[in-house]
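Values below: every heavy atom of this structure, side chains too, minus hydrogens, waters and symmetry copies. Letters A, B, ... mirror the listed sequences (proteins, then strands); counts begin at 1.
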There are 2 protein chains.
Amino acid sequence: MSDKITIKDIAKKSGVSISTVSRVINKTYPVRKEVAEKVQQTIQELNYTPDLMAKSLKTGKTSTIGLIIPDISNPFFASLVKGAESYLSKKGYSLIICNSNQDMKEETRLINILLSKKIDGLLFTGSANHNKFLQEKVIDMLPVVFMDRAFVKTNGSYVLSDSYNGMLDLLNYMYGANHRSYIYISGNKDTLSAGERTKAFSDFVKEKKIEKYRIYQAQYDYESGYKAIKAMDCGKGYDAVICGNDLIAYGVIEALKNSGVNVPYNISVTGYDDIMFSRMFSPSLTTVRQPIYDIGSKSAEKLLKIIENNKKIKNGIILKNELVIRESTMIRSDCSRQKD
Amino acid sequence: MSDKITIKDIAKKSGVSISTVSRVINKTYPVRKEVAEKVQQTIQELNYTPDLMAKSLKTGKTSTIGLIIPDISNPFFASLVKGAESYLSKKGYSLIICNSNQDMKEETRLINILLSKKIDGLLFTGSANHNKFLQEKVIDMLPVVFMDRAFVKTNGSYVLSDSYNGMLDLLNYMYGANHRSYIYISGNKDTLSAGERTKAFSDFVKEKKIEKYRIYQAQYDYESGYKAIKAMDCGKGYDAVICGNDLIAYGVIEALKNSGVNVPYNISVTGYDDIMFSRMFSPSLTTVRQPIYDIGSKSAEKLLKIIENNKKIKNGIILKNELVIRESTMIRSDCSRQKD
DNA sequence: CTGTTAGCGCATTCAG
DNA sequence: CTGAATGCGCTAACAG
């Protein structure tokens, strides 16, 4: 009997019309106090909850945000999601999470599903620069905020951290610590972050007139780092390995350990991101801290602002990064250099 | 103009009624081939996508699953979610993710929101045993599968891994490796997994007639492990520290490192879960591997089965665990024991 | 302040 | 096989 109780039931039982009930629930118009109380009471009695689905059909708003990331099991994205979810939840929004596994076709499929479900907005981290569908259609039929990655050429909204200067700070520190030859292992090259960091590296070697360096194209994961350094004779002859992110650095260090190369004594290794484990890693990782959680929460904040103001304030926020020096690097002297 | 295109538009443009369109979309009834083709064609032309929201209002099914976990930024839960999401996505379902932060009040709030949004089912990891609301109401008005944690006394559906035997295997191994005195650091005691593991430990010390042991109540996180071992004089005088999960073990090892205690030479430390970082940790962690991803995907599979068969097959799946021996433990000889 | 009414977009009887 | 009509539960004019 307590089955499917609707606004109608509580209207009847309260002796008012359904619109009055709607009004006391949504506080859209004034209702006589006694009536309001009576209604509230029967709502309690019947344990009624409005059907948000029906409400959404009418209003066109679902209070639901879609979020697309490559992989939730990557701690970087997990923090991003946490930041977004925590903000959204506080504001009464829910989050539908989708893993794209870096696959553009899958991204497109997911976006279409999300669109059909009538989300109010989209938080996106993926292959933005190449996804024509997103770039040409989605972006102006739905509020979208790009997290961590962004269109370079389009005027979408985004929240990033300043990878270029973060990497430059790191490199300048390494230079000051007497490192003169570098291997640079880049993450997925179609991402903005990898582009910025690589650019910083290129500018750095040019400015400091570094002669011995090498850029290796890899992916943002552990295995990729492991393979990369193995493919480069375990960095023999170089002072430092600069990695595109922490996961790559983990892989590099593990490979080096396995080959009997000591980090940092034989060679220094750096990461990027400062995910939770980097301080527990052994040696603890010298890296650049990105405010990952904040990127997530600021993205959510920005998205809600766009949704609620219903205006297209297309712009971005760029958060600062912070150099974190730990045990995986050391101040080099000539005698601590590897021989060729 | 290409604004808000509905089933009506495509009906008009195809020269048929909306019911016919609905039929070709859902293939619920046969439609003349030519007509069907014509309709399909104009669907393409107008780039029409059915409004899932409206559909849901009618059918009562949303193809959306709610998921509640304590904290997505914990790698354990991230893997769980990945497993569930990946299965659900393949089956055409979406996932709404909510972080409860272990707060029962928050859990209840989230469940109510999810209920209002008309999810088709719920995947739950949280304080099941104490949440009356969940236990008494939700569980029989909505398909629910408990992941990793479960009601001990209720006949709900669940997917777990066998913590009791996993822990027992680990302890027996340690005994075989000549460890004779133990500190046991438990995770959140209101969870089933902690209960099972602690029970295994209790049974173990009884059976092996271990005289020197200590059980310490903590939480399933890094800080908790760090503090716990500090509070116990860095385990002085004990052969091994058995931790409720890997995160606790990380904290313990870090604290020990900071105090100059060598793991495993002075004392062995074990974890539980085998999250991704445990093999990269230094020393790499001896632990018990839970099939976390599988717990997630099996839970999702079970939930969909319940939803689609619409029957209440309340039962559980218990997956096996596997001992993983790494560097944080060693085979002890008398001279490698710490003095009291 | 309050009740009546008309849809939101779609699936589904019920007649053809 | 197909069209017309009904209503899912709710909000938002529109009249009182």
Side-chain angles (χ1 to χ4, degrees), chain A residues 2-40 42-43 46-64 92 112-120 141, chain B residues 2-40 42-43 46-64 112-113 115-120 141:
Chain A
S2 72
D3 207 39
K4 275 292 174 214
I5 139 144
T6 78
I7 199 172
K8 237 174 184 166
D9 300 312
I10 105 104
K12 195 181 298 172
K13 194 158 190 302
S14 308
V16 296
S17 74
I18 59 168
S19 32
T20 301
V21 177
S22 175
R23 280 169 194 133
V24 342
I25 293 173
N26 299 301
K27 306 183 202 313
T28 46
Y29 285 95
V31 172
R32 195 146 42 90
K33 206 180 172 192
E34 315 141 42
V35 178
E37 276 166 2
K38 171 74 183 155
V39 170
Q40 287 289 10
T42 74
I43 285 180
L46 272 57
N47 197 25
Y48 164 75
T49 2
D51 182 328
L52 260 33
M53 176 101 347
K55 176 172 181 166
S56 295
L57 181 59
K58 194 68 211 160
T59 61
K61 316 202 90 327
T62 54
S63 296
T64 302
N112 272 122
I113 293 174
L114 257 16
L115 246 27
S116 300
K117 293 212 173 182
K118 303 296 169 197
I119 53 172
D120 291 346
M141 62 192 287
Chain B
S2 73
D3 208 38
K4 275 290 172 214
I5 138 144
T6 78
I7 199 172
K8 236 174 185 167
D9 299 311
I10 104 103
K12 195 181 298 174
K13 195 157 190 298
S14 307
V16 295
S17 74
I18 59 167
S19 29
T20 301
V21 177
S22 175
R23 279 167 196 136
V24 342
I25 292 172
N26 300 300
K27 305 182 201 316
T28 46
Y29 285 97
V31 172
R32 193 146 41 92
K33 205 178 173 193
E34 315 140 45
V35 179
E37 276 166 3
K38 171 71 182 157
V39 169
Q40 287 289 12
T42 73
I43 285 179
L46 271 56
N47 197 25
Y48 165 74
T49 2
D51 182 327
L52 260 31
M53 174 101 351
K55 177 171 182 168
S56 295
L57 181 59
K58 205 53 216 164
T59 60
K61 317 204 89 327
T62 53
S63 296
T64 302
N112 272 123
I113 293 174
L115 245 27
S116 300
K117 293 212 173 182
K118 304 296 168 197
I119 54 173
D120 291 347
M141 61 192 286

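We find that CD1 of Ile25(A) is positioned 6 Å from P of dT11(D), with the value rounded to whole Å. Rounding to whole angstrom units, NZ of residue Lys117(B) and C1' of dG9(D) are separated by 16 Å. Between the P atom of dG3(D) and the NZ atom of Lys8(B) lies a distance of 16 Å, rounded to the nearest Å. Whole-Å rounding puts the Ile43(A) CD1 to dG9(D) P distance at 16 Å. Going from atom NZ of Lys4(A) over to atom C1' of dC8(D) covers 9 Å, rounded to whole Å.
Rounding to the nearest 0.5 Å gives a distance of 8.0 Å between CD of Gln40(B) and CD1 of Ile10(B). Atom OG1 of residue Thr20(A) and atom CD1 of residue Ile25(A) lie 11.0 Å apart, to the nearest 0.5 angstrom. Between the CD1 atom of Ile5(B) and the CG atom of Leu46(B) there is a distance of 3.5 Å, given to the nearest 0.5 Å.
Remark: Ser56(A) pairs with no residue by the side-chain hydrogen bond (donor to acceptor under 3.5 Å, both in side chains) rule, at least two apart or across chains. Every residue two or more places apart in sequence or in another chain was checked for a salt bridge (charged side-chain N to carboxylate O under 4.0 Å, His left out) with Lys117(B), and none qualifies. Scanning for side-chain hydrogen bond (donor to acceptor under 3.5 Å, both in side chains) contacts around Thr6(B) gives an empty result, with sequence neighbours left out. A search for salt bridge (charged side-chain N to carboxylate O under 4.0 Å, His left out) contacts involving Lys118(B) returns nothing, not counting sequence neighbours. Not counting sequence neighbours, the partners of Lys61(A) by the salt bridge (charged side-chain N to carboxylate O under 4.0 Å, His left out) test are Asp120(A). Under the side-chain contact (heavy atoms from CB on, under 4.5 Å) criterion, Thr49(A) pairs with Ser116(B), not counting sequence neighbours. With sequence neighbours excluded, the residues satisfying side-chain contact (heavy atoms from CB on, under 4.5 Å) with Ile7(A) are Ile18(A), Val21(A), Ser22(A), Tyr48(A).
Between its two ends, the helix from dC1(C)-dG16(D) to dG16(C)-dC1(D) turns its axis by 40°, counting five pairs per end and rounding to 10 degrees.
Within a heavy-atom distance below 4.0 Å of DNA chain D, the residues of residues 11-23 of chain A found are Ile18(A), Ser19(A), Ser22(A), Arg23(A). Within residues 53-61 of chain B, the residues having any heavy atom under 4.0 Å from DNA chain D are, by residue number, Leu57(B), Lys58(B).
For DNA chain C, the outermost nucleotides in 5' to 3' order that have an atom under 4.0 Å from a heavy atom of chain A are dC1(C) to dG9(C).
Checking Tyr29(B) against Tyr48(B), the closest nucleotide of DNA chain C that is more toward the 5' end is the one next to Tyr48(B).
For Ala11(B) against Ser17(B), the heavy-atom pair with the smallest separation is CB-C, 3.8 Å.
For residues 14-32 of chain B, the set of pairs meeting the salt bridge (Lys or Arg N to Asp or Glu O under 4.0 Å) definition, not counting sequence neighbours, comprises Arg32(B)-Glu34(B).
A donor-acceptor pair is defined here as one N or O able to donate and one able to accept, closer than 3.5 Å; such a pair exists between the side chain of Thr64(A) and the backbone of Thr62(A).
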